[in-house]
Amino acid sequence: MNLDIANFAIGSHAPIPPQTMKAGDAFEADSGDAFTKTGRSLVIIDPRALDRECFAQSIRSRRSGMEVLHFSAIGDWKQMRDSSLPLLAVLLNIGGRKVSDPVVESEIRTIVNDVAPAPVILLADSEELLQILIALECGVKGYIPSSVGIDVCLEVINLALVGGIFVPVNSVTSLRHMLGGADTSARPLDGMFTLRQSEVVEALRRGKANKIIAYELNLRESTVKVHIRNIMKKLKATNRTEVAFKINKLFSTQIDARENWL
């Protein structure tokens, strides 16, 4: 397996360089939403008719006016691709099937290649680490377990649309232990924030919306907002974008200082 697992062991979304941040980008995910880009369609692939129809209706009710198409197989979508709006993203629901099954793995790879550069987000019942690793190696941009709600699903899709990758945090805990777990030399923010604030700060650096942070840290969204306000006060920042910029700058400065000392 060629997947560089260290890239997402720390989190599920690679850091965004400070110079790319601006109001309305991923760090403003509560007010900016990639779904607001009109003229493209979201496609759901699920062989179970009731599941895909209910899922499509739930998305439409939260994103009024958005075209949501659903099919039992990717081949059905291909047949009417020319008469549909350009593709926004694909949600592929494999249910209880395993990504490690060669047939399923081949299906995922084929869909990823067929719809590129549109992202493919996988929905699955399993939260096994092995299944997630194989899915990421296949090229999916998100792995959503069936245990989450529709609002979290929408935030994951939004994250994929702005270049992020989502995996359930509980499933990578064992991977962190395998890679050495608590390496204090790589945590330059210790001492400035509480443990919980540090976790929120790391999530902000990675462009995650409040709903995603709340899900991953098992917190209420209102609690996440309180932590963000306290972080802003400590950094004398006025908004989330400024928090992310200052944290990235501080992180880089302290890492450089440690490397120079060594």
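Source: prediction; values computed, not measured.
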Hey, what do you get for SG (C153) to NZ (K211), rounding to the nearest 0.5 Å? 12.5 Å
Any donor and acceptor pair, going by atom type alone, linking the side chain of E107 with main-chain N or O of V103 inside 3.5 Å? no
Given the rule in the salt bridge (Lys or Arg N to Asp or Glu O under 4.0 Å) test, do E128 and K98 qualify, once you have shown the distances and angles that lead to the verdict? CA-CA 9 Å; E128 295 176 16; K98 299 287 189 180; 2.8 Å; yes
Residue of the set L123, V99, I45 for which side chain to side chain contact (heavy atoms under 4.5 Å, CB included) holds with I94: V99
Between H70 and R52 the two heavy atoms that sit nearest each other are ND1-NE, 3.5 Å
So NZ of K78 and CD1 of I111: to nearest 0.5 Å the spacing works out to 8.5 Å
D51: which residues meet the salt bridge (charged side-chain N to carboxylate O under 4.0 Å, His left out) condition with it, sequence neighbours left out? R48
So, does E67 use its side chain to make a donor-acceptor pair with the main chain of L42 at under 3.5 Å? no
Between L87 and A118, which heavy-atom pair has the shortest distance, and what is it? CD2-CB, 3.8 Å
Set of residues satisfying salt bridge (charged side-chain N to carboxylate O under 4.0 Å, His left out) with respect to D125, sequence neighbours excluded: none
Which residues satisfy the side-chain contact (heavy atoms from CB on, under 4.5 Å) test with T110, sequence neighbours excluded? S106, D114
Can you tell if the side chain of N93 reaches within under 4.5 Å of the side chain of I44, non-hydrogen atoms only? no
Please list, chain by chain and in numerical order, all residues satisfying salt bridge (charged side-chain N to carboxylate O under 4.0 Å, His left out) with R196, sequence neighbours excluded. E199
Between R60 and V68 (side chain of the first, backbone of the second, donor and acceptor by atom type, cut-off under 3.5 Å), is there such a pair? yes
Residues passing the salt bridge (charged side-chain N to carboxylate O under 4.0 Å, His left out) test with E105, sequence neighbours excluded, are R109
What residues, two or more places apart in sequence or in another chain, satisfy side chain to side chain donor-acceptor pair (under 3.5 Å) together with E53? none
Just how far is it from atom OG1 of T223 to atom CG of N218, taken to the nearest 0.5 Å? 10.5 Å
